[in-house]
K.L.:
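If you scroll down you'll find the structure; I have some questions about it.
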Amino acid sequence: MTNNITLTMIKPDAVSKGYIGKILGEITEAGFAIAAMKLTQLTKADAERFYAEHKGKGFFDELVEFMTSGPIVAAVLKKENAVEDFRRLIGSTNPENAAEGTIRKKYAESMSKNAVHGSDSDASADREAHFHFADREIFA
Ligand code: CMP
């Protein structure tokens with residue numbers, strides 16, 4: 001297990017508003033290298049599997065419905081201390097609480113439509129990177 005990758009998704013709200021380029025610009029300017037990337041759309045089964053840890057929570061059905069509602073950009077990002085540094089760059093899950101200058105403060109509209117995902121641990125980053133990409137597609 002390394003501490004130098006994280007998995008992000010630019011979520012359907014941000015993709016549909018045309019924010020892919022701006023968000024990728026913020027990410028690379030902050031020092032993250034793109035180790036894998038694609039435009040894709042999750043099926044219901046994909047989203048239920050990706051978010052399995054949230055099954056049973058009140059927001060689960062809404063989360064699955066939203067995350068399958070349109071295309072997303074999935075990317076593996078490489079940087080020393082990637083998980084923690086990326087979570088700082090994107091800001092709090094709820095954009096109302098996100099610090100000024102963070103990606104969610106700038107581009108997110110609500111707790112569920114919060115523009116971007118970031119892995120919450122090195123173990124999650126590894127699982128989530130391999131959820132979206134084969135080993136040979138990850139240039140980490
Ligand atoms: P993320 O951390 O990317 O992955 C889980 C998502 O569930 C989270 O972003 C939010 O968009 C969404 N969500 C919706 N409601 C809640 C809630 N009450 N608590 C945590 N996450 C929530």
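Each ligand, and each atom within it, is numbered from 1 in the order the structure gives. Below, all heavy atoms of this structure are taken into account, side chains as well, without hydrogens, waters or symmetry copies.
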K.L.:
Can you give me the closest heavy-atom contact between Ala14 and Ile10, atom names plus distance?
P.N.:
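Of all heavy-atom pairs spanning Ala14 and Ile10, the closest is CB-CG2, 3.7 Å.
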K.L.:
Using heavy atoms and a 4.0 Å limit, tell me yes or no: is Phe66 in contact with ligand 1?
P.N.:
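No, Phe66 has no heavy atom closer than 4.0 Å to ligand 1.
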K.L.:
Among protein heavy atoms, which sits nearest to atom 19 (N) of ligand 1, and what does the distance come to when rounded to 0.1 Å?
P.N.:
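In this structure, atom 19 (N) of ligand 1 has Phe59 CE2, 3.6 Å as its nearest protein heavy atom.
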K.L.:
Counting heavy atoms only, which part of Asp120 comes closer than 4.0 Å to ligand 1: side chain, backbone, both or neither?
P.N.:
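The answer is neither.
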K.L.:
Considering only non-hydrogen protein atoms, determine which one is nearest to atom 4 (O) of ligand 1 and report residue, atom name and distance to 0.1 Å.
P.N.:
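Nearest protein contact, heavy atoms only, for atom 4 (O) of ligand 1 is Tyr51 CE2, 3.5 Å.
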K.L.:
Considering the heavy atoms of Ser112, write down every atom of ligand 1 situated less than 4.0 Å from one of them.
P.N.:
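The atoms of ligand 1 under 4.0 Å from a heavy atom of Ser112 are 11 (O).
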K.L.:
Does ligand 1 have a heavy atom under 4.0 Å from the side chain of Lys11, from its backbone, from both, or from neither?
P.N.:
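The part of Lys11 near ligand 1 is the side chain, not the backbone.
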K.L.:
Please name the pair of heavy atoms, one in Ile20 and one in Leu39, separated by the smallest distance, quoted to 0.1 Å.
P.N.:
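Heavy atoms of Ile20 and Leu39 come nearest at CD1-CD1, 4.3 Å.
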K.L.:
To check you understand the geometry: which heavy-atom pair defines the closest contact between Ser112 and Phe66, and what is its length?
P.N.:
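It is O-CE2, 3.2 Å.
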K.L.:
Nearest to atom 8 (C) of ligand 1, what protein heavy atom do you find, and at what distance?
P.N.:
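Nearest protein contact, heavy atoms only, for atom 8 (C) of ligand 1 is Thr93 CG2, 3.8 Å.
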K.L.:
Report the nearest protein non-hydrogen atom to atom 6 (C) of ligand 1: residue, atom name, distance rounded to 0.1 Å.
P.N.:
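Scanning the protein heavy atoms, the shortest distance from atom 6 (C) of ligand 1 goes to Leu63 CD1, 3.6 Å.
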K.L.:
Classify the ring geometry of Phe59 against His54: parallel below 30°, tilted from 30° to 60°, perpendicular beyond 60°.
P.N.:
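Rings of Phe59 and His54: tilted, as their planes differ by 30° to 60°.
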K.L.:
Given the rule in the ring-ring contact (aromatic ring centres under 6.0 Å, His included) test, do Phe32 and Phe86 qualify, once you have shown the distances and angles that lead to the verdict?
P.N.:
CA-CA 8 Å; Phe32 292 85; Phe86 191 68; 5.4 Å; yes
K.L.:
Give me the nearest non-hydrogen protein atom to atom 11 (O) of ligand 1 as residue plus atom name, then the distance to 0.1 Å.
P.N.:
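The protein heavy atom lying closest is Met111 O, 2.8 Å.
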K.L.:
Ignoring hydrogens, what is the shortest heavy-atom contact between Leu77 and Ala82? Give both atom names and the distance.
P.N.:
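In this case the closest contact between Leu77 and Ala82 is O-CB, 4.3 Å.
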K.L.:
With heavy atoms only and a cut-off of under 4.0 Å, state how His54 meets ligand 1: side chain, backbone, both or neither.
P.N.:
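Under 4.0 Å from ligand 1, His54 contributes side-chain atoms alone.
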K.L.:
Can His117 and Phe50 be said to form a ring-ring contact (aromatic ring centres under 6.0 Å, His included), step by step?
P.N.:
CA-CA 12 Å; His117 169 81; Phe50 187 90; 5.4 Å; yes
